[in-house]
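Just so it is clear, the structure is predicted and the values come from calculations on it, not from any experiment. Chain letters run A, B, ... following the sequence lines, proteins first and then strands; every chain starts at 1.
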2 protein chains.
Amino acid sequence: MSVDPTADRPVYQQVADILRDRIRTGELAPGQLLPSEPHMVDEFGVARSTARQALAVLRGEGLVVTVPRRGTVVRPRADAEIVTLVPGQEAEARMPSPDERRRLKIPEGVPVFVVKRPGQEPEVYPADRTRLRAADEQ
Amino acid sequence: MSVDPTADRPVYQQVADILRDRIRTGELAPGQLLPSEPHMVDEFGVARSTARQALAVLRGEGLVVTVPRRGTVVRPRADAEIVTLVPGQEAEARMPSPDERRRLKIPEGVPVFVVKRPGQEPEVYPADRTRLRAADEQ
DNA sequence: GCCCATTTGTCCGTATGTATA
DNA sequence: TTATACATACGGACAAATGGG
């Protein structure tokens, strides 16, 4: 459960692995605060920059959200609204632009759906609050 | 076209903005190498760690891919295979786990589609090579 | 095959700013 | 006011692998 600086795997990845595992097992539940950066410095014996690097990995995976001066919490699951895809319509997924992230309040590590409807502007939906569903047959 | 350390916007974001713009305008085309980190140190007058932070932003957006000892290139667009969603089926999008990234060779900043088919394991598709399409009516 | 310059990866330390409790 | 915690930015150092000559 600790970190080995001589191991092949980078230390920041080892730290990320440990935290990811605590999330996966539920030891760290959604909404719960992860250890603070200074605490991780003590607990794992790494530099603060290394601890931050580990958190950046988890943010990129969409597992956690960091709030300045508060801490880093396990990302809570939002209720997903269902967007219906009518026959023939297509959707893609990608990371949002900085502008989209601001407008739609999308945290790091959360993609968007882009739904293309003929003759209209594509519609963008945050994937943490949206599921796609193909329309039922009549 | 340059960086202002006294501005409100963080320097690494300013650098990311400049590079993002060069990509958007086509000045940096898909497949093309971005300036190396040491080059950015010279060009923008920032520390290497700051240049790296800017590149990390762009990787997180899925705009660029960094290859160790090669450099960072504008992510080339892959041909997208179409996955059909039959009526009633649902799909979500999220960032891949480290394991999925290895298995499916997914670069940073690229999400996956997860298609839920009743009575089967969910199927995972890299979103840079996949589009979803609702099945046509008969 | 060998050397060397280039380039990214990792890890550390320090410092300052700023908002919160 | 003080302590806490994250954000930003700088700097240095070494490792490792690639590619050119």
Side-chain angles (χ1 to χ4, degrees), chain A residues 2-20 28 31-61 63-75 98 101-102 107-109, chain B residues 2-20 28 31-61 63-75 98 101-102 107-109:
Chain A
S2 192
V3 159
D4 174 15
T6 72
D8 258 8
R9 189 151 177 83
V11 172
Y12 75 93
Q13 290 283 7
Q14 294 181 46
V15 174
D17 290 345
I18 292 171
L19 297 174
R20 195 186 298 107
L28 288 170
Q32 194 174 341
L33 219 50
L34 273 68
S36 75
E37 291 169 4
H39 185 281
M40 289 168 60
V41 171
D42 291 343
E43 177 175 359
F44 300 118
V46 299
R48 190 182 152 214
S49 47
T50 303
R52 282 181 65 74
Q53 209 175 348
L55 293 177
V57 169
L58 301 180
R59 277 196 302 272
E61 295 172 10
L63 293 181
V64 303
V65 177
T66 297
V67 183
R69 279 147 248 113
R70 277 300 190 63
T72 299
V73 300
V74 181
R75 184 158 68 79
R101 286 193 50 203
R102 272 191 304 273
E108 255 186 271
Chain B
S2 191
V3 159
D4 174 13
T6 73
D8 256 11
R9 189 152 178 80
V11 172
Y12 75 91
Q13 289 284 6
Q14 295 181 47
V15 174
D17 290 345
I18 292 171
L19 297 174
R20 193 186 298 108
L28 287 170
Q32 195 175 339
L33 267 175
L34 274 67
S36 74
E37 292 168 6
H39 186 280
M40 291 169 59
V41 171
D42 290 343
E43 177 176 359
F44 299 118
V46 299
R48 188 183 155 213
S49 47
T50 303
R52 283 180 64 75
Q53 208 175 347
L55 292 178
V57 168
L58 301 180
R59 277 196 301 271
E61 295 172 9
L63 293 181
V64 303
V65 177
T66 297
V67 183
R69 278 147 250 111
R70 276 298 192 66
T72 299
V73 301
V74 182
R75 185 157 67 81
R101 287 194 47 205
R102 272 191 305 273
E108 255 186 272

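- With sequence neighbours excluded, the residues that form a side-chain hydrogen bond (donor to acceptor under 3.5 Å, both in side chains) with B/Glu61 are B/Arg20.
- When the C1' atom of C/dT8 is taken as reference, atom CG of B/Leu58 falls 16 Å away, rounded to whole Å.
- Contacts of B/Arg52 with the nucleic acid, taken as non-hydrogen atoms under 4.0 Å apart, include base atoms.
- For the pair B/Leu55 CG and C/dT7 P, the computed distance is 13 Å after rounding to whole Å.
- The side chain to side chain contact (heavy atoms under 4.5 Å, CB included) search around B/Asp8 returns none, not counting sequence neighbours.
- Between A/Thr50 and B/Pro35, the residue anchored nearer the 5' end of DNA chain C, judged by the nucleotide with its closest heavy atom, is B/Pro35.
- A/Arg48 meets the side chain to side chain contact (heavy atoms under 4.5 Å, CB included) test with A/Glu37, A/Val41, A/Arg52; sequence neighbours excluded.
- Every side chain to side chain contact (heavy atoms under 4.5 Å, CB included) that B/Pro35 has, sequence neighbours left out, goes to B/Leu19, B/Arg22, B/His39, B/Met40, B/Glu43.
- Regarding B/Asp42, its CG atom lies at a distance of 13 Å from the C1' atom of C/dT6, rounded to whole Å.
- Pairing each heavy atom of A/Ala7 with each of A/Gln14, the nearest pair is CB-NE2, 3.6 Å.
- B/Leu34 places its CG atom 14 Å from the C1' atom of C/dT7, with the value rounded to the nearest Å.
- A/Arg9 is linked by a salt bridge (charged side-chain N to carboxylate O under 4.0 Å, His left out) to A/Asp17, counting only residues two or more places apart in sequence or in another chain.
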Acceptor/donor pairs from residues 63-73 of chain B side chains to any protein atom, 3.5 angstrom cut, sequence neighbours excluded:
{"from": "B/Thr66", "atom 1": "OG1", "to": "B/Arg59", "atom 2": "NH1", "distance (Å)": "2.9"}
{"from": "B/Thr66", "atom 1": "OG1", "to": "B/Thr72", "atom 2": "OG1", "distance (Å)": "2.8"}

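- With a 4.5 Å cut-off on side-chain heavy atoms, B/Val3 and B/Ile18 count as touching.
- Once you apply a 4.0 Å limit to the heavy atoms of chain B, the touched nucleotides of DNA chain D run 5' to 3' over D/dT8 to D/dG19.
- Looking at heavy atoms from C-beta onward, A/Phe44 lies out of side-chain contact with A/Thr50 at the 4.5 angstrom threshold.
- Residue contacts for A/Ser49: at a heavy-atom cut-off of 4.0 Å it reaches a base atom on one of the strands shown.
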Please list, pair by pair, any protein nitrogen or oxygen found under 3.5 Å from a nitrogen or oxygen in nucleotides 15-17 of chain C.
none

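- If you take CD of B/Gln53 and P of C/dT10, they are 15 Å apart, rounded to a whole angstrom.
- Of the two residues near DNA chain C, A/Gln14 and A/Arg70, the one whose nearest nucleotide lies more 5' is A/Gln14.
- The distance between atom CG of A/Asp8 and atom P of C/dG9, rounded to the nearest whole Å, is 17 Å.
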